[in-house]
Every structure is written in structure tokens, then in C-alpha cells.
Amino acid sequence: MKARPVEKSPGVNLYEEVANRIQSLIKEGTLKPGDRIPSVRKMHQQMSVSITTVLEAYRLLEDRGLIVARPQSGYYVRHILSLPPAEPTSSTPPGLACNVDISMAFRINTVLGEPGMIKLGAAVPDPELFPLAALNRLMGQVMRQNPEVCHSYNALPGLEPLRHEVARRLMDAGCSLTPDQILIVNGTTEGMYLSLRAITKPGDTVAIESPSYYGLLEILQSLHLKALELPTHPREGLSLPDLENALSQGQVAACAIVSNFSNPLGSCMEDSKKKALVEILENYDIPLVEDDVYGDLGFDEMRPKAIKAFDKKGLVLYCSSSSKTISPGLRVGWVVAGRYQKTVEQLKLFTNIVTAAANQLTIAAFLANGGYDRHLRHLRRAYGEQVLRMTQAICDYFPPETKVTRPTGGHVLWVELPPHFNAIALYQEAYKRQISIAPGTMFSASGNYRNCFRLNCGLLWSPKIQIAMQILGELIANQDYDTTRLRPVFLA
């Protein structure tokens, strides 16, 4: 692409002139979806403007939703979904409390990390999306500056610098907290485990979304708790009338949900619904464990409020971490347990005493130095682009009757096929081809969603992923159902 030098028009910033020039090339079809646009340095030379001007222009085009940045690669014209697929409707679980069996989830989860596997099953982000160089530099720095702290047991609640930064960041989620109200833990999963253990006893029933994150089901089984799956809408989240009906019958001891951009549906409650949920819980004095690990990952860059923001009686035990935004390997999370804080702190002490100091200080330094907001803007755009591309691939390669969710944040998609379809059989066939998916039964205590599966959109788009999606589409199209043997059969 050749570009003539750009001149500033009266009343228009120079970077806007550059952005408008590129936008016209996209509109006219000179630059098509997926095309790489010239590098910042090349555009600086072609248009005879400063590098700062080009960066501002590209940032404006990102804000307009026309281009997307990819790590170590450059800027590309954003894909726009041509024909949105149908969406799944609200789930209809059986409405009975049941024991949890996670044997299938455990069996499948053990293979998701095998070398060479295209990980469309595990909800893991691409390592290239994380600020690895900055984190490595910061970790070396904090260990040099705090050698004794990093190699010693630290205070049970966690180190104050991190708790201070978490409290500051949670203001964006509508929460007014002090560092003393925050407990540092080893990731969201430990936070959920400690919280549920603090508010329940074996045999209790916990109300959950349906489908629900299988990690939560694993926790329920380990604590010998029953699960009551409630109807859940792919966009709006948990059904409050069904929850209130269950609470009125006195069969629920606690609730546990993923509040923002849930896993696996991607649903996000509106603020008014979150407020109504807390009011219902307060009426029955029932605690809720909130998993908000995806809360910072809204595509429109507007951070939705946490359910905790509406909690006035300390009934909401808020759990989150840096695993989906900064680093899953550092295992740094936090809990705001409200009236159950002392109990959760004691359980943390009994479980593993404290969280590693070096990891805490590294995350605290990254949150404090201003890099997090820039990183988050890039991450949100990358996830939004990848969800769009995966959805387009579903439209291109999967049968026309396929339904798929339309999340506004996070990085997972929920795929629903006709009732006769068997996602376990698809998983088995895909596994032979080094492709992992997460079958729907992993996300249900009652064994529902055999015709559904979850796809991970956290990996950077590549020809390898495109081929994997095409293979999945072929396997789906070739699956027949042998009614005499009542098991799925794949036809060549």
C-alpha cells in the first residue's frame, strides 16, 4: 500500500487525518479484514508524520473497532462477523439437588496440557498475551530489593503493597474496601475452596449456575456438597425467580456463581440484577461466593460492577486473581470474605499458611507502575478479536443449525448442537487429531449438555487454529447416531 504525505486540515488533529486516511482504505476494500496494515515506522515514513502521530492514529482506529493489535506481529484490519449464528436459550436443569461426580472432568482435564495439543478445551490464555518480560524484570527487582521478605513466611493476610493495589483496583468494580479486608490466596480456585469450606458443612446444598465452571464442581465434590443447578441465560445469567424459589424451600445453604463473563456461557448480569440478587440473599441470610476472575476482560473496556459492590451485610465472599489478566503461573489471588473473614483466614493458615512473597510483590509492582491499564486495553481487544474470529469459523465450518453464545467479555464460547449430538464422541475423535475441546457434561453435576461443548478463544489466531476449527466442523458434520446401539458413530 502506498500513501501520500498527509497534511493537517483546519480543526482536525493530524493523527485524526492519518486515521481517516486508513479508515477510507478499509472502507474502499483496499485493506480487507485480516490484512496487516503498515508498521508504525513504515507509516511514519510514508506519510511524513511522527511515530507518536501514527501511534495515536492506530489507537483511534482501535477505539473505532476497525483494527486490532497482535503481540509481536503488528496491526491488522479487524474481522466483522458477517452472519451471526443463533444463540442458545436459557438452560433448563432438572431442579433437584444432586451429588457431584467430576470423574469425566478430571479425566479430560488431564490431557488438555499434553505437548502438541491444540488447546481449544482448556480456558487458558496465550502466553504471548502476557507481559512476560516486564514480569520477569519486576520479579528480579523485588527479590533483589526484598531478599529476606521473599525468602520468609509473610503475614497471613498477605503483603500490604499487594492488598493496597487490589483495594485500589476494586474501586473500578464498585467496591470500597480497605487493605485489611483482603486476604491473598493462591489463585481464584483456592479462594473459592476456602470460601465454600467456611460457609458450608458436608451434605449441604449449593445453588449454582447451569452450566457451571467445572472447577467449581470439583470443589463441591471435594467438600462433599450437593449442587442445585438453576436455569441460566447465556447473556443475563442466573434466573433470580428460580433462585428465590429454591431459597424459600429452605434447601440451599449457599450460592456460588461467576458474576461477570461467566465460564462457560460468558453471561454478565446487569447491575440492577446484581443488586436484586443481593437483596434476595439478604432476605434469606444466605451467603454467596462470587468468582470475578473475568471481570476486567470486557470487550468494550467498561468494567462491570462486582456483586460485592451491592453487599451491605458481608454475605458476599468475593474471589478473583491475576490468572486471566497477568500471569496464571504466579498463582496470586484474593478473597474479600466479609463477615466470614476470620474463618477464611484460619482455613488459609491450616491449608498452606501463606502465598509466596515474591509472587505477591511482583504482581503489586506491575499493578502500581501504570503498565496494567495499557496491558489490559490490549488484552481486551485481543480477546474480543479472537472471540469474533472463532465465531466466524463456527459460521464457516460448523453445520447451520449450530448455536453459539455471544459473550461481551472473557475468552470462551459455548457451542450447542442438536439434541442427538454427542460431544464426548467429538472429544474422542478430536483428541486423536491433537485437538482438545471441553464437552458439555463437564459443566453439569447432573450430566446435562451432552450436545454442547466449550471452546477456548484465549489463543492467538493462527492457521493451525483455523485448520483445527475446520477439522472440528468436518467431525461434527460426519457424526451420525446409531439408534440400535445408542452410541455415536463417526462415518468416514
Side-chain angles (χ1 to χ4, degrees), residues 84-96 98 100-105 107-109 111-112 120-123 208-214 217 227 229-235 237 239 262-267 387 390-391 393-407 412-433 435-457 468-491:
E87 293 181 87
T89 57
S90 291
S91 62
T92 55
L96 298 173
C98 61
V100 181
D101 178 8
I102 54 96
S103 57
M104 175 59 70
R107 190 163 65 250
I108 292 174
N109 201 31
V111 305
L112 296 183
L120 301 183
I208 62 174
E209 300 160 291
S210 183
S212 185
Y213 174 48
Y214 68 80
L217 299 179
E229 298 177 83
L230 296 177
T232 305
H233 190 276
R235 289 202 188 196
S239 168
S262 70
N263 181 357
L265 288 180
S267 61
V387 165
M390 291 287 281
T391 304
I394 291 170
C395 294
D396 293 342
Y397 302 128
F398 288 21
E401 62 270 23
T402 304
K403 297 180 180 180
V404 63
T405 50
R406 297 183 202 170
V412 295
L413 287 173
W414 182 253
V415 180
E416 179 183 315
L417 288 155
H420 69 267
F421 186 81
N422 192 315
I424 295 293
L426 174 64
Y427 160 79
Q428 293 168 341
E429 291 297 314
Y431 174 71
K432 297 176 184 177
R433 295 158 176 82
I435 303 169
S436 72
I437 64 168
T441 50
M442 290 175 63
F443 304 90
S444 172
S446 56
N448 288 339
Y449 313 114
R450 293 182 62 82
N451 61 317
C452 303
F453 57 95
R454 187 195 68 185
L455 286 174
N456 174 38
C457 305
M469 292 296 288
Q470 188 172 1
I471 291 172
L472 287 176
E474 293 171 355
L475 292 174
I476 292 168
N478 289 337
Q479 184 181 132
D480 196 6
Y481 201 74
D482 187 333
T483 55
T484 62
R485 287 181 289 179
L486 294 179
R487 66 180 181 84
V489 178
F490 279 87
L491 306 178

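Atoms considered below: every heavy atom in the structure, side chains included; atoms not considered: hydrogens, waters and symmetry mates.
Once rounded to the nearest 0.5 Å, the distance linking CE of M469 with CD1 of I435 reads 9.5 Å. How far CD1 of I476 is from CZ of F398: 4.0 Å, rounded to the nearest 0.5 Å. For the atom pair Q470 CD and L475 CG, the distance stands at 11.0 Å (nearest 0.5 Å). Taking CD1 of I471 as the start and CD of E429 as the end, the distance is 12.0 Å to the nearest 0.5 Å. Between atom CG of residue L417 and atom CG of residue N422 there is a gap of 11.0 Å, rounded to the nearest 0.5 Å. For the atom pair CG (N456) and CE (M390), the distance works out to 7.0 Å, reported to the nearest 0.5 Å.
Using modelled atom types, one side-chain atom of T405 and one backbone atom of W414 make a donor-acceptor pair closer than 3.5 Å. Panel note: side chain T232, backbone S91; no donor-acceptor pair is recorded below 3.5 Å. Between the S267 side chain and the S262 main chain, no donor and acceptor come within less than 3.5 Å of each other. Proximity of a side-chain donor or acceptor of S239 to a complementary backbone N or O of P231 within less than 3.5 Å is not detected. The backbone N or O of P85 sits less than 3.5 Å from a side-chain atom of R406, completing a donor-acceptor pair. Using a distance-only test at 3.5 Å, with no hydrogens or angles considered, no donor-acceptor pair links the side chain of T92 to the main chain of S90. At distances below 3.5 Å, at least one donor-acceptor pair connects side-chain atoms of R454 with backbone N or O atoms of G121.
The two residues L217 and S212 make their nearest non-hydrogen contact at CD1-O, 4.4 Å. The two residues C98 and S446 come nearest to each other via the heavy atoms SG-N, 4.1 Å. Scanning both residues, I424 and T441, for their nearest heavy atoms gives CD1-OG1, 3.6 Å. In terms of heavy atoms, P407 sits closest to L413 at CD-CD2, 3.5 Å. Summarising the geometry of P418 relative to N451, their closest heavy-atom pair is O-CB, 3.3 Å, with the distance given to 0.1 Å. The minimum heavy-atom distance linking N263 with A123 is given by the pair ND2-CB, 4.2 Å.
Between F421 and F453, the ring-plane angle classifies as tilted under the 30° and 60° cut-offs.
C457 has its side chain out of reach of T391: every pair of non-hydrogen atoms, C-beta onward, lies at least 4.5 Å apart. Taking the side chain as every heavy atom from C-beta outward, L472 and L120 approach each other to under 4.5 Å. Between I437 and V415, the closest side-chain pair of non-hydrogen atoms is not below 4.5 Å.
Side chain to side chain, S444 and E229 meet the donor-acceptor criterion of an N or O pair below 3.5 Å.
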